[in-house]
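None of these values were measured; they are calculated from a predicted model. In each ligand, atom 1 is the first atom listed, and ligand 1 is the first ligand listed.
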Amino acid sequence: MSASASPNERRKFLGILLGAIGAIIAGAFAWPLVRFLSPNNKGGAAQQVKIPKEKVAVGGAHFFSYQGRPAVLLEPEPGQYVALSAVCTHLGCIVKWVSDSQEFLCPCHGGRFSPAGQVLGGPPPKPLTTYAVKLDGETILVG
Ligand code: FES
């Protein structure tokens, strides 16, 4: 656009410029919503998480991220592993592992879960989600 552009050309240019800026702003606001609503479809093997056996001890818990959400791996008995979602089934708070009582406690409303994820008390309506666990040498495969 030259300095001698007519008012109509300037108006048209400003319209295009404002439209482009509006599209960028709309995209910036819409992208998080699209990501939130879209299913997590990373595909088979990419969903598996590898955890070295040494990360978890008998009676202890190892918290990790599974598909972008908090999860926990337990070893209730030597060589026996359990992987669970760490998201409380009541209103979605993250459960804590209480090693003294060998149970999960939800800090929000006092929900309690067994090491297998079963509801022991409080308002949670259903057990914690369990994930498949496989052993591969010194590595635990979750998912
Ligand atoms: S969110 Fe866990 S008991 Fe309410």
Side-chain angles (χ1 to χ4, degrees), residues 1 5-143:
M1 190 170 72
S6 71
N8 270 350
E9 288 174 329
R10 274 188 243 143
R11 201 171 294 128
K12 191 174 176 183
F13 173 76
L14 278 174
I16 291 170
L17 185 66
L18 289 176
I21 291 171
I24 291 169
I25 291 171
F29 280 102
W31 179 244
L33 180 65
V34 169
R35 286 199 44 166
F36 177 76
L37 294 176
S38 69
N40 195 351
N41 56 359
K42 293 178 184 165
Q47 293 183 354
Q48 263 189 348
V49 174
K50 296 178 181 178
I51 301 172
K53 277 184 178 176
E54 72 226 22
K55 291 279 186 181
V56 64
V58 176
H62 172 70
F63 285 81
F64 63 101
S65 179
Y66 181 72
Q67 296 182 348
R69 297 184 158 248
V72 60
L73 180 68
L74 300 173
E75 187 178 3
E77 303 289 333
Q80 177 193 35
Y81 299 96
V82 176
L84 302 163
S85 167
V87 179
C88 180
T89 56
H90 180 222
L91 293 178
C93 292
I94 308 306
V95 297
K96 310 277 183 221
W97 175 245
V98 183
S99 59
D100 289 347
S101 56
Q102 291 289 295
E103 65 184 35
F104 291 99
L105 176 65
C106 180
C108 292
H109 311 103
R112 295 169 39 238
F113 299 90
S114 75
Q118 296 301 312
V119 178
L120 297 176
K126 58 185 183 177
L128 297 172
T129 301
T130 57
Y131 300 129
V133 173
K134 282 187 216 157
L135 292 179
D136 182 19
E138 293 303 304
T139 304
I140 301 159
L141 304 174
V142 178

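Between A83 and V142, the closest heavy-atom pair is CB-CG1, 3.6 Å.
When each atom of ligand 1 is checked for a heavy atom of C93 under 4.0 Å away, the hits are 1 (S). Counting the atoms of ligand 1 from 1 in the order shown, those under 4.0 Å from a heavy atom of C106 are 1 (S), 2 (Fe), 3 (S). The distance from ligand 1 to the heavy atoms of P123 drops below 4.0 Å at these ligand atoms: 3 (S). Every atom of ligand 1 with a heavy atom of C88 under 4.0 Å away is listed here by number and element: 1 (S), 2 (Fe), 3 (S). In the vicinity of G111, heavy-atom distances shorter than 4.0 Å reach the ligand 1 atoms 3 (S).
Here the straight-line distance linking atom CD1 of I51 with atom CD of E138 works out to 14.0 Å at 0.5 Å rounding. We find the CD1-NZ distance between I140 and K55 to be 11.5 Å, quoted to the nearest 0.5 Å.
Considering I94, V95, L91 only, the shortest heavy-atom separation from atom 1 (S) of ligand 1 involves L91.
With C108, the cysteine C93 has an SG gap short of 2.5 Å.
The nearest N/O/S atom of H90 to atom 4 (Fe) of ligand 1 is ND1.
Around the CD atom of E77, the shell of radius 6.0 Å holds no more than 12 heavy atoms that belong to other residues, nucleotides or ligands.
Not a single heavy atom of G122 sits under 4.0 Å from any atom of ligand 1.
The closest donor-acceptor contact from the side chain of T89 to the backbone of K126 lies under 3.5 Å. In terms of modelled atom types and a separation under 3.5 Å, the side chain of Q102 and the main chain of G59 share a donor-acceptor contact.
Among the backbone and side-chain atoms of H109, none of the N, O or S atoms lies under 2.8 Å from atom 2 (Fe) of ligand 1.
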